[in-house]
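Note that this is a predicted model, so its numbers are computed, not measured. Chain letters run A, B, ... following the sequence lines, proteins first and then strands; every chain starts at 1.
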Protein chains: 2
Amino acid sequence: METTQHAGEPGAAERRRRELLEAADRVVLRDGPKASMNAIAAEAGITKPILYRHFGDKAGLYQALAVRHTDALLDSLRAALDAPAERRSRVEATLDTYLAAIEARPQVYRFLMHPAEDSQAAERGFDVGLHSAPLLRRLGEELAQVVGERVDLGPDGERLARIWGHGIVGMMHAAGDWWLGERPCDRAELVAGLTDLLWGRLATAGNRADGPGF
Amino acid sequence: METTQHAGEPGAAERRRRELLEAADRVVLRDGPKASMNAIAAEAGITKPILYRHFGDKAGLYQALAVRHTDALLDSLRAALDAPAERRSRVEATLDTYLAAIEARPQVYRFLMHPAEDSQAAERGFDVGLHSAPLLRRLGEELAQVVGERVDLGPDGERLARIWGHGIVGMMHAAGDWWLGERPCDRAELVAGLTDLLWGRLATAGNRADGPGF
DNA sequence: CGTGTGGGTTACCGCTAGTAACACACACTT
DNA sequence: AAGTGTGTGTTACTAGCGGTAACCCACACG
């Protein structure tokens with residue numbers, strides 16, 4: 001309404017698109033990942049077909065929203081991962097950054113973690129169709145790259161780095177999700193526990209005297 | 001149809017329920033997690049309201065389906081975890097059992113991993129509402145219990161065990177999901193890589209000579 | 001004979017994602 | 001000046017979903 005609404009300047013479409021994305025953002029933050037296209041259109045002060053003209057379908061809009069937030073999160077994670085400090089401190093800082101982010105804006109987190117809603121999938125090949133959220137895939141690949149190019153893992157190090165990248169990200173995600181739901185301890189304790197795990201304490205810990213052994 | 005369809009014997013309702021669950025299972029295996037109630041009812045040779053009488057709502061049916069499969073998977077995982085062998089071998093066996101299961105029946109896996117669809121959630125408290133699949137929560141708690149009662153983790157060991165339980169399960173899940181989608185290596189290699197990670201190889205590996213260091 | 005009560009159905013509600021068809025305003029061309 | 005896009009917007013619709021109200025009918029029991 002308040003913008004010049006005829007054609008003319010070429011940047012108009014992009015600006016409009018950003019406005020729509022911000023409206024969608026507001027609705028998703030309010031209603032969670034089940035926000036409907038109707039609601040988003042209403043929030044933006046327009047009607048559904050416009051949304052579909054800009055984003056194709058719901059998956060397109062959600063993806064456009066997701067990449068914004070994912071990019072932002074990735075930037076801060078990269079910063080933590082690249083800080084000048086010893087390895088363990090950097091891992092701790094990265095875990096803490098991630099957990100702080102999901103703690104600060106759980107609705108965004110929940111939206112980002114939603115699996116990819118097939119989009120036009122409909123049996124590409126035949127089946128499976130990844131379940132994990134795209135965010136997790138990106139984080140895993142990103143971490144794999146950092147590890148692979150910095151840590152000496154011998155031959156086949158690249159492949160091992162990818163395994164580790166996805167594994168570590170999954171560990172961080174699942175532990176974070178559980179922690180966010182139950183709040184069993186404060187953030188620092190969770191970070192310390194996970195880092196201990198990554199640092200091999202499972203291998204070196206002794207059996208309990210009263211247990212059946214492990 | 002083939003069963004006595006009037007009332008009478010008291011076990012009839014439970015048998016019917018099992019029949020319905022098996023029909024639902026077939027449909028979910030065929031159509032994935034977006035199988036509709038209509039389709040399930042049709043497969044069972046009846047109509048929707050009967051399904052709703054038995055299971056309340058879709059989440060109820062899905063949960064009933066999920067617990068069956070989850071119980072089965074948990075049993076085999078427990079067996080691997082309890083086998084008489086040294087710790088590392090058992091961890092490897094457990095990882096391998098899980099990965100073999102999701103490899104053998106990816107549709108079941110995909111169904112089980114679907115987040116809990118709120119059910120009657122509707123803002124209990126106000127927000128967040130766990131995102132992870134119930135299966136992952138159960139696996140995490142189960143592993144936490146095993147670790148907590150067998151490994152000596154000092155004071156606060158129980159809490160640390162829960163952190164590790166959920167973290168390890170998340171690692172296994174994310175790595176498995178990625179592996180199932182891309183098949184970058186065979187199962188044994190993935191198992192070995194993850195076990196190396198859990199055994200602290202990240203801490204001891206040196207920096208690459210050509211990299212910026214980590 | 002009457003009267004539940006359980007298994008079953010049809011027909012609907014309100015909602016969703018997505019689309020077709022139409023209407024207006026501007027700009028550029030002939 | 002008249003036409004002809006082209007982009008922006010609308011209304012009104014389809015098909016399908018989860019879920020439910022209302023009704024039906026066969027049997028068992030008093």
Side-chain angles (χ1 to χ4, degrees), chain A residues 1-21 23-24 27-28 31-65 111 114-122, chain B residues 1-21 23-24 27-28 31-65 111 114-122:
Chain A
M1 292 300 186
E2 68 278 8
T3 74
T4 62
Q5 60 209 14
H6 64 304
E9 67 260 82
E14 283 74 8
R15 282 194 293 114
R16 197 84 178 100
R17 187 184 158 99
R18 272 218 306 274
E19 289 177 25
L20 298 184
L21 274 179
V27 177
V28 165
D31 297 353
K34 63 183 170 50
S36 81
M37 296 298 268
N38 261 324
I40 293 173
E43 168 72 27
I46 44 98
T47 50
K48 274 194 297 176
I50 307 188
L51 278 183
Y52 284 93
R53 283 224 259 268
H54 275 271
F55 301 103
D57 62 355
K58 186 177 179 169
L61 202 177
Y62 275 40
Q63 184 185 335
L65 262 185
F111 165 72
H114 242 232
E117 325 254 358
D118 54 31
S119 181
Q120 32 73 296
Chain B
M1 293 301 187
E2 67 280 6
T3 74
T4 63
Q5 60 207 10
H6 64 304
E9 66 258 86
E14 283 75 8
R15 281 195 293 116
R16 197 85 178 100
R17 187 183 158 100
R18 272 218 306 274
E19 288 177 25
L20 297 184
L21 274 179
V27 178
V28 165
D31 298 352
K34 62 179 170 49
S36 81
M37 296 297 267
N38 261 323
I40 294 173
E43 169 73 28
I46 43 95
T47 50
K48 274 194 299 176
I50 306 188
L51 279 183
Y52 284 94
R53 284 223 255 268
H54 274 271
F55 301 102
D57 63 356
K58 187 178 179 168
L61 202 177
Y62 274 40
Q63 183 185 336
L65 262 186
F111 165 71
H114 241 232
E117 325 256 358
D118 55 32
S119 180
Q120 31 74 294

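- Distance check: A:Arg16 CZ to A:Ile50 CD1 gives 6.5 Å after rounding to the nearest 0.5 Å.
- In this structure, B:Thr47 reaches the C:dT9 phosphate: one of its side-chain N or O atoms is under 4.0 Å from OP1 or OP2.
- Straight-line distance from the NZ atom of A:Lys34 to the P atom of C:dA17: 11 Å, rounded to whole Å.
- Rounded to whole angstrom, the span from the CG atom of A:Leu51 across to the P atom of D:dT8 amounts to 14 Å.
- For C:dG18, its base sits under 3.5 Å from the side chain of A:Lys48 at one donor and acceptor pair at least.
- When distances run from any side-chain atom of A:Lys58 to the nucleotides C:dA17, D:dG18, C:dG8, the shortest one goes to C:dA17.
- Atom pair B:Ile40:CD1 and D:dG18:C1' shows a separation of 12 Å (rounding to whole Å applied).
- As rounded to whole Å, 15 Å separates atom C1' of C:dC15 from atom CE of A:Met37.
- The nearest whole Å value for the distance from the CZ atom in B:Phe55 to the P atom in D:dG19 is 13 Å.
- The side chain of B:Ile46 approaches C:dT9 more closely than any other nucleotide in the set D:dC17, C:dT9, D:dT20.
- In this structure, the side chains of A:Leu61 and A:Leu20 stay at 4.5 Å or more apart for every pair of heavy atoms.
- Between the CG atom of B:Asn38 and the P atom of D:dT20 there is a distance of 14 Å, given to the nearest Å.
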For this session: Check step by step if ring-ring contact (aromatic ring centres under 6.0 Å, His included) holds for A:Tyr62 and A:Phe55.
Result: CA-CA 9 Å; A:Tyr62 275 40; A:Phe55 301 103; over 10 Å; no
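- Atom CG of B:Leu51 and atom CG of B:Asp57 lie 11.5 Å apart (nearest 0.5 Å).
- For A:Ala35 and B:Pro49, each mapped to the nucleotide of DNA chain C holding its nearest heavy atom, the one lying further toward the 5' end belongs to B:Pro49.
- Here the P atom of nucleotide D:dT8 and the CZ atom of A:Arg15 are 11 Å apart, to the nearest Å.
- Between the NZ atom in A:Lys58 and the CE atom in A:Met37 there is a gap of 7.5 Å [rounded to 0.5 Å].
- Taking atom CD1 on B:Ile50 and atom P on D:dT20, their separation rounds to 15 Å, with Å as the unit.
- Residue A:Arg53 places none of its side-chain N or O atoms closer than 4.0 Å to OP1 or OP2 of D:dT10.
- In this structure, A:Ser36 reaches the sugar-phosphate backbone alone: every heavy-atom distance under 4.0 Å involves primed, P, OP1 or OP2 atoms, never a base.
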